[in-house]
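Taking it in order: structure first as structure tokens, then the write-up.
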Amino acid sequence: MVYAIKEKRMKKVIKMIIRIIPPLMLILLCCAFTLQEKEKKVLTEEEIKTLAERTLEVWNKGDIALIDELYTVEVVRHECDMPEDIIGRDAFKNMLKDIRTAFPDLNLAMDELIIKGNRMVMRWTWTGTNTGPMAGQLPTGKKIQVPGVSIVRIVDGKIAEVWDYYNQAVLLQQLGFTLVPPQVEKQE
Amino acid sequence: MGKVIGLLTKSILIIVLVLFCSAYSWQEREEATPTEEKMKAHVEKVLEMWNEGNLAIVDELFAPQVVVHYSASHEDIKGLEGVKQWVTNTRATFPDFTKTFDETIMAGNIFVARWSINATNTGPIPSPQGEIPPTGKKMHISGISISKEENGKIVEEWVIYNVLDTMMQLGFTLVPPQSQQP
């Protein structure tokens, strides 16, 4: 008799547990969904500032090893002076090497940093002396000073995408290039 | 009867919990709404100014003391009249000038945008060497703008893009320093 009552109670408890499981799973799923978004590494404003400053070291010191630390493996750079995107760390390393070959004293200075969520916007001024070859051109020995801006997308604490804009005409005119208008060409 | 009430109570409790959980996640998303609304209104005005040449919008968007640092101009663009002249001149060179936004970021009083422009050069091009006749060529360019607001109006703006890209698309020729030497 006592045993039977115990069995009845057990059954009741089991039924209750079974009834509770689906809503519990729902709650857990709901929480997991929220947590999942938070699980990714989200940088604070202070950390993004540090990240921005460290990207300058990549440019100014030619610190290639730092690229692995600051950028994602498949980082995409949209460069306004290149027809194709620069995809991956190795491609970025090659691009950096080319620029630092042309301008060994390259200096990128941050004029302003704007941070919003996983985006940072950097206004910068690029200075340097063209003492090395650039895209098949002999060194001109001339100094350049060019302003520009970058929008940077950060994923899990690393730079995943960059949009770089500056006026290449300013850079090339400072190096002694000239731009000839279309109709002047026709007159020749 | 008691069982049913117990079940109902339990269900209600669980539903409330789930709703609370959802509301918590929703709350975070809803917080962005005022900024998004502000940004949407700003974007619409900028597009109307550029794409329809509505100069009345210049007075709404910009402060009288505005300074624009523009890639295609050596001198800064200053004041409401300067901005109106800028819009008018651009649309005279490119009457079908169409700007679109690819990405917009509102960080406090700073509006950042990545934009694209599609235009056909059917008007004269102003240049330091004098006016260049229309080339009839189509161009597609992209760039970034940073606009700083004070009291709801833009006081300083940077418009940065690769002007060389535009000029090459219009048929300009780039001459390297070496080939100029005899």
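Residue numbering restarts at 1 for every chain, and letters A, B, ... go by the order of the sequence lines. It should be emphasised that the depicted structure is a prediction, and the values quoted were computed from it without experimental measurement.
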> Which atom names give the shortest non-hydrogen contact between B:Leu174 and A:Phe177, and what distance separates them?
Replying inline: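 Reported closest heavy-atom pair: CG-CD2, 3.8 Å.
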Which pair of non-hydrogen atoms, one from A:Tyr166 and one from B:Ile160, has the smallest distance, and what is that distance?
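For A:Tyr166 versus B:Ile160, the nearest heavy atoms are CA-CG2, 3.8 Å.
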Joint cluster assignment, [X] & [Y], ILVMFWY side-chain distance < 4.5 Å:
| X | Y | result |
| --- | --- | --- |
| A:Trp59 | A:Val146 | yes |
| A:Val149 | A:Val76 | no |
| B:Met49 | B:Tyr161 | yes |
| A:Val75 | A:Ile87 | no |
| B:Val67 | B:Val87 | no |

Discussion item. Are there over 12 heavy-atom neighbours, none belonging to A:Glu47, within less than 6.0 Å of that residue's CD?
Written reply: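 Atom CD in A:Glu47 is packed in, count exceeds 12.
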If you look only at distance, which donor and acceptor atoms sit under 3.5 Å apart when one is on a side chain in residues 13-24 of chain A and the other is two or more places apart or in another chain?
none

Expected contact set for residues 97-125 of chain B against chain A at heavy-atom separation under 4.5 Å reads B:Glu103, B:Ile105, B:Met106, B:Ala107, B:Ile110, B:Val112, B:Arg114
Value rounded to 0.5 Å, distance of [atom1] in [X] from [atom2] in [Y]:
| X | Y | atom1 | atom2 | answer |
| --- | --- | --- | --- | --- |
| B:Trp158 | A:Asp111 | CH2 | CG | 9.0 Å |
| A:Glu79 | B:Asn162 | CD | CG | 11.0 Å |
| A:Tyr165 | B:Asp165 | OH | CG | 9.0 Å |
| A:Gln168 | B:Met168 | CD | CE | 8.5 Å |

Turns out that what part of A:Ile151 lies under 4.5 Å from chain B's heavy atoms comes down to both
Quick check on the interface: out of B:Ile146, B:Val163, B:Thr166, B:Ile141, who has the most heavy-atom pairs with chain A under 4.5 Å?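 Among the listed options, the one with the most contacts to chain A is B:Val163.
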Apply the test side-chain contact (heavy atoms from CB on, under 4.5 Å) to residues A:Leu171 and B:Leu164: give CA-CA distance (whole Å), side-chain angles for both, the deciding distance (0.1 Å), then the verdict.
-> CA-CA 10 Å; A:Leu171 168 77; B:Leu164 181 70; over 6 Å; no
Original post:
Counting heavy-atom pairs under 4.5 Å to chain B, which of A:Arg119, A:Arg123, A:Lys116, A:Gln137 comes out on top?
Top reply: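 Top count of heavy-atom pairs under 4.5 Å with chain B: A:Arg123.
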Honestly, the part of B:Ser71 sitting under 4.5 Å from a heavy atom of chain A is both
**Prompt:** Side chains of A:Glu112 and B:Lys148: does their closest heavy-atom pair fall under 4.5 Å?
**Reply:**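 Yes, close enough: below the 4.5 Å cut-off.
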